[in-house]
*Asks:* 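Here's a structure for you.
Order of listing sets the numbers, starting from 1, for every ligand and every atom in it.
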Amino acid sequence: MTKLALAFDLGGTELRGALVERGGAVAARVSAPTMAGAGSEAVIGQIIALAGTLLAEHPQAKVAGIGMCAPGPLDPKAGIVIGPPTLAGWHDVPLIDILNRQFGLPVRLENDANAAALGEWRFGAGRGSGSLVFVTVSTGIGGGVVADGHIYHGRRGLAAEIGHMTITGEGDRCFCGAVGCFEAVASGTALGRRATRLTAPGDGSLLRRLSGGGDVSARHVVEAARAGDVSALELVDAEAKWLGIGFTNLLHLYSPDLIVMGGGLANGFDLLAPGIRTTVGQRAMPAYRDVPIVPAELGDRAGLIGAASLILWEGEPGAPLAIAQDEDNGASKRAAAREASHG
Ligand SMILES: [Zn+2]
């Protein structure tokens, strides 16, 4: 059997585990609702239990190590989860040390957005590229940057907090306390809030009928826009413009080969793309305007697969998938690829 990694994606609502092959295939998956309010010891107990389940079901698996992703802020080098707002009772938890002692295997840690960026880069929409920006647009906005073949970490691994770049001087206050953050105006939450304000319970609008009279969500806006609803289409246009402004900043800052958009709102990517493209065309300098902006391919597996690659691809850039699948003379090909990328 080929070498596998145990991978975990620790989210505020769901804890996912998987056995992942070197080529990015998920051999087995498990999940449980995260005991997010119960503190770090309880959640680490859940991780250990899920690992036990996976290993018991696949006793023949040759596990090379554990790749883990969790919400930031965290320090990937030191292996410490610093204190995510979505997990109660996590303060400077040395997760790598704890799991390493428990399993006697190498453990790697990355923040969830960076892990998803790695997954999309090595196995998804960005494979074969040298540089990409991954943007996840859902409840909030997060991101990861692959620059010249490496995840860009910055000081203490805190780089690419793109949801909190300021893109306007007005609008609702962001949870971080500032006004005009990308996330505060362009997240799925912001889109749902605009739709809720535009309508009223019982007004007969399609948006309120879809939401059952309650608050309208981004998902309802996309659904109504697909049905041709005029106000939903206007909301989508406004959303695409905000995304286009943020993406233009990312193009100017990082000059990626492509931008990959994931997260819940990527379900409406086909509706948003023309407006995003128009805004980029109006605002980006000419040299940046032809950069592809594409939807993510791995869905909710991106973080798990990226985390696994921290173990299975350690020290290697994002070589094209074909190289990863060639086990026979993969090493020499990879060496050649490294040579080419450095040449
Ligand atoms: Zn903010």
*Asks:* What protein N, O or S atoms come within a distance below 2.8 Å of the Zn ion (ligand 1), ordered by chain and number?
*Replies:* His164 ND1, Cys174 SG, Cys176 SG, Cys181 SG
*Asks:* Backbone N or O of Thr196 within a donor-acceptor pair of the Arg208 side chain at under 3.5 Å?
*Replies:* yes
*Asks:* Please confirm whether Phe182 and His164 have ring centers closer than 6.0 angstrom.
*Replies:*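 No: the rings miss the under 6.0 Å criterion.
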*Asks:* With no hydrogens and no angle check, is any side-chain donor or acceptor of Arg108 less than 3.5 Å from a backbone partner on Ile311?
*Replies:* no
*Asks:* With distance as the sole test, does Thr34 use its side chain to make a donor-acceptor pair with the main-chain N or O of Leu15 at under 3.5 Å?
*Replies:* yes
*Asks:* Between Ser187 and Ile141, is there a donor-acceptor pair closer than 3.5 Å when you use the side chain of the first and the backbone of the second?
*Replies:* no
*Asks:* Looking at Trp242 versus Phe247, is the centre-to-centre ring distance below 6.0 Å?
*Replies:*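 Distance test on ring centres: not under 6.0 Å, no.
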